[in-house]
Amino acid sequence: MTNRYFSINKSMALGLVLLLFATSCRKEPLEIQNPNTRACNSYSEQFEAIWQGIDHTYTLWSHDTINWDARYVKYKPIFESFDQNGVDSATYVNTWKEFTYGFIDHHMAIVLWNPVHKFLVGISPSRNDYGHPSGYKEQVDALKLQPGISNYVEYNGSNSNYTKSIFCLLPGKTADKHIAYLRFSDFELGSPDSIPNEVLLPFKAFYGDSIGLGILNGAADRADVESIIIDLRANPGGSIININHLILSLAQNPYHYGYSRYKEGLGRLDYTGWMPVQFPLPKYHLSSPKPIVVLADINSASCAEMSTQILRDAMGATVIGERTMGATCSLLPSTDVAFDLFYSGCFGDYKIYNEKKPTHPDQFAYYVYSSTYDIVLKDYTSLEGKGVQPDIEVLFDLNSLNAGRDNQLDRALQFLRTGN
Amino acid sequence: MKKNFFVLTILVSLAACAFAQSVETTPSNESGQPVNSTLERKWSVGIDLAGTVNSPATDVAFMTHMSYNPRIGLSYGAHVGYQPFKWLGFRTGLYSIAKNYLITRTITINDVEFGSASMMLNTYLNVPFMADLSIGRKVRYHLFLGAYAGYWYKAKLIGSAQVVTIVDEGVLYNQDYEFNSTRDNRFDAGLNYGLGLSIPFSQRVGLNVEMLWYYGLTDIHKVYMREHSPFYNTTFLLQIGATFNL
């Protein structure tokens, strides 16, 4: 009995000890500070804060292929050396450019402030290679003049500082038929009620008086308008809500664009499930489908690219011009609330975004502008970094525009008039 | 983890006390075998059904509006037992075990509460191997100590989320989870422990009621980033089963 009693207790004691040892085998959690509110007092702290924020809240890790951990290990001592030895502003900016170069998020911008050099500098890690050699501003200025539009039948243009938009009717296949042309420079229309009437004139001509509801008595739906050109060149996007009435009003059915998700956890690959991205059909839309051409180029970004994709996929539009930028995800940039709700995308000192100055100029500060949502198409492929490819490639030609000829618009008119 | 230690220590201590008291009074025959004739049969098989409560253990760090919460599920499976001594047996088996959890986040904006929730419904195939220390005559009381290994077999992701820019709020998703070989560690292993009792209905058939814990020691996420946050499951099972002595 004694031996048996001893063996039972011995077994139990051994089992218990092993159990207690084994339960301590779990790894301890990390100490990670909040990148949205972190105060930094040195170059290396600023580097660490931005890196940790990106590491845990960047939305497009699943698409990124660069070994960022190796990049971090390489650059960490460089920023630490800045603390010891100081750094001139050019080296500081270039080091940041080198470190961040290649993030696939084409919305991404990292805005930096330090109390030594005392200026804000913005870095767009994915855009260094993009844009026309002539530059975005030169392109916008040239397009604003619309030298390619000459023999119009009707014209309504707005060159206010709010948004640049143009509507005109151009000759169609026959003398009694027309092509409706609409160009708008961004998707920042906001509520139509809050927009100056001068800005609305081109939109009202195209969509009619109820542009917030779609097309109602606008030129787009007139019987003499046989086809439509939507010009989204150099359009950087804006609020995705405007796609509903500006683009879906040209459709016949609601449109399922694809799926979206955002971060859900500290891990790079911790995501929510895929949520459908659907655009409802506006109350008023084209009464019958019409041939549509979209003009797009490498400076068509974000909502402009999504619209290009929608017009082609849902409405059979032909895309003429260049591939688009590849900034096809969406974001909520402006408040702390968005960060706390999503823990994805933008973080840092929101005063830098909203007021172009840091909250504490005596500290190292930053604002990282980045996609909140990862958005993919219906087949789960991503256009991020790839853009929408044109059906007919016609490269932007600044010299042609300056000479009074818009080669891309000419190709669109030729296509709609001849079918080729 | 401290809570688990505490619960484990209490349970084991209670069981040890009960065991130590009862060994003095448990009748046995001359050969040291218990009077209960069912234990003369060394091999047994059984089937089990359980309700589970899985508690995820991970860190949210600065993501303070987000929390990982326990979630209930089901488990079922079959076991094989071997009883070389009257006080000591061994048990193994194959079980499908739900190790579910819920992720919620809530935030109040202008007195309006916004939030989202997503539920991971995970199914694991687990093979436990436990020592079964038991006492008692008619009704036998069991203490289980051991380990398990298994495989994260499948998962489903169900949830609602804030999609403020694109479509209406509260979009639901309900989809099979696609495992990511970079992120997901599908090998599962850890400790088993628990308490139970068995009631014989006849020489061949008995009823088991058990409380079991599956204490995961494998991080369900691989270390694919420098600043890795570990994630463990601890699953409680309230299990009922039938044992057939061979």
Side-chain angles (χ1 to χ4, degrees), chain A residues 1 4-5 8-9 11-12 15-16 18-20 22-37 52 55-56 61-62 69 72-73 239-241 257 260-262 264-270 272-280 330-332 337 340-343 372-373 375, chain B residues 1 4-5 8-9 12 16 19-20 23-24 32 57-66 87-88 103 105 107 109 114 116 118 131 133 143 145 147 157-159 161-167 171 173-175 177 180 182-183 190-191 193 215 217 219 221 224-232:
Chain A
M1 185 71 170
R4 182 167 60 83
Y5 184 68
I8 294 169
N9 277 346
S11 300
M12 287 185 64
L16 184 60
L18 287 174
L19 197 64
L20 292 175
T23 53
S24 64
C25 290
R26 287 184 173 180
K27 290 172 277 189
E28 291 297 318
L30 296 166
E31 293 284 333
I32 304 169
Q33 295 185 48
N34 189 343
N36 206 40
T37 55
Q52 280 202 336
D55 201 15
H56 298 290
W61 278 125
S62 63
D69 284 329
Y72 166 84
V73 169
S239 174
I240 201 168
I241 202 74
Y257 180 88
S260 73
R261 64 180 181 179
Y262 52 87
E264 191 156 67
L266 291 169
R268 287 180 187 167
L269 299 176
D270 294 351
T272 64
W274 287 110
M275 296 162 276
V277 178
Q278 291 172 321
F279 293 94
S330 71
L331 51 79
L332 297 170
V337 170
D340 287 338
L341 189 57
F342 292 96
Y343 298 121
T372 307
Y373 295 97
I375 296 182
Chain B
M1 188 144 67
N4 286 326
F5 267 126
L8 176 68
T9 307
V12 172
F19 193 88
V23 289
E24 300 294 343
T58 189
D59 188 34
V60 294
F62 57 85
M63 298 179 174
T64 51
H65 295 278
M66 188 164 72
W87 56 273
L88 174 65
I103 305 172
R105 36 183 139 180
I107 182 170
I109 306 168
F114 292 85
S116 65
S118 63
L133 299 155
L143 169 66
L145 293 171
L157 192 52
I158 301 173
Q162 297 296 328
V163 190
V164 289
T165 57
I166 301 173
V167 291
V171 171
Y173 51 88
N174 184 344
Q175 56 209 220
Y177 176 72
N180 185 320
T182 304
R183 171 189 187 250
L191 302 177
Y193 48 86
Y215 186 85
L217 292 176
D219 187 344
H221 296 159
Y224 63 90
M225 53 191 286
R226 289 185 73 257
E227 293 193 342
H228 170 75
S229 182
F231 191 120
Y232 298 99

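Numbers restart at 1 for each chain; the letters A, B, ... are given by sequence-line order, proteins then strands.
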Which atom of [X] lies closest to which atom of [Y], heavy atoms considered:
{"X": "B:Tyr173", "Y": "A:Trp274", "value": "CB-O, 3.4 Å"}
{"X": "A:Arg26", "Y": "B:Ala57", "value": "NH1-CB, 3.9 Å"}
{"X": "A:Glu264", "Y": "B:Ser118", "value": "OE1-OG, 2.6 Å"}
{"X": "B:Ser229", "Y": "A:Leu266", "value": "OG-CD1, 3.8 Å"}

Can you tell which part of [X] gets under 4.5 Å to a heavy atom of chain A, answering side chain, backbone, both or neither?
{"X": "B:Thr64", "result": "both"}
{"X": "B:Tyr224", "result": "both"}
{"X": "B:Ala131", "result": "neither"}
{"X": "B:His65", "result": "both"}

| message | Does any backbone or side-chain atom of A:Asn36 lie under 4.5 Å from a heavy atom of chain B? Answer side chain, backbone, both or neither. | response |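 For A:Asn36, no heavy atom lies under 4.5 Å from chain B.
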| Contacting region of A:Tyr72 [heavy-atom separation from chain B under 4.5 Å] |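 For A:Tyr72, the side chain is the part near chain B, not the backbone.
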| message | With heavy-atom distances below 4.5 Å as the criterion, would you say the side chains of B:Thr182 and A:Arg268 are in contact? | response |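 No, their side chains stay 4.5 Å or more apart.
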| field | Most contacts with chain A, counted as non-hydrogen pairs under 4.5 angstrom, among B:Met66, B:His228, B:Glu227 | value |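 Top count of heavy-atom pairs under 4.5 Å with chain A: B:Glu227.
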| request: Determine, for A:Asp340 against B:Arg105, whether the closest basic-nitrogen to carboxylate-oxygen distance falls under 4.0 angstrom. | output: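 Not counted as a salt bridge, because no side-chain N and carboxylate O are separated by less than 4.0 Å.
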